[in-house]
Amino acid sequence: MGSFKFINVAIIVAMLVPSISAVDYLVGDDAGWTVGFDYQTWAQDKMFFVGDRLVFNYPAGVHNVFKVNGTDFRQCTTPVGAVPLTSGNDVITLATPGRKWYLCGVSNHCSIGQKLSLYVMTVQIAWSPISPPSPAPSPFPAYI
Ligand code: CU
């Protein structure tokens with residue numbers, strides 16, 4: 001009986017390890033890449049790893065996708081000469097670890113929230129979230 005339980009646990013752990021296969025993330029899920037969507041909240045509960053892909057889905061011509069640096073992201077500017085992705089089904093492979101920034105360069109879309117920032121983790125770090133290092137928060141404030 002015990003060995004059956006161990007096998008089940010091993011299978012579940014294998015399914016949780018992200019390095020087994022890359023994940024395609026549809027940015028904004030069903031909403032796609034648009035205005036009026038909170039992409040920071042969308043990204044918050046996801047873990048991105050090197051090799052995963054972002055799919056930006058939108059009607060071609062209505063939006064676009066610029067990969068920018070942190071300063072451009074904050075200011076909603078785009079680098080001089082940078083060429084945006086415009087196909088409406090733009091796939092970006094997260095090839096390197098670290099912080100990444102994307103925004104829409106059409107009109108004022110970025111400044112009203114069409115921007116996405118996320119952190120890409122390496123495969124090595126990917127093993128640690130199975131047991132998060134941060135202490136579990138106390139269910140109640142101490143003063144109660
Ligand atoms: Cu846009």
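Atom set for the values below is all heavy atoms of this structure, side chains included, hydrogens, waters and symmetry mates excluded. Counting convention: from 1, in listed order, for ligands and their atoms alike. Everything quoted here is computed from the prediction, not taken from an experiment.
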Parallel under 30°, tilted from 30 to 60°, perpendicular over 60°: which one fits the rings of Trp42 and Phe48?
tilted
Would you tell me whether Thr96 and Lys100 have side-chain atoms, one donor and one acceptor, within less than 3.5 Å of each other?
yes
Side-chain donor-acceptor pair under 3.5 Å between Asp90 and Ser87, yes or no?
yes
Evaluate the side-chain proximity of Pro84 to Val65: yes if any heavy-atom separation is below 4.5 Å, no if none is.
no
Can you establish whether the number of heavy atoms outside Asp30 located under 6.0 Å from its atom CG is more than 12?
no
Just the protein N/O/S atoms under 2.8 Å from the Cu ion (ligand 1), please, no waters.
His63 ND1, Cys104 SG, His109 ND1, Gln114 OE1
Here the salt bridge (Lys or Arg N to Asp or Glu O under 4.0 Å) pairs for residues 60-80, sequence neighbours left out, are none
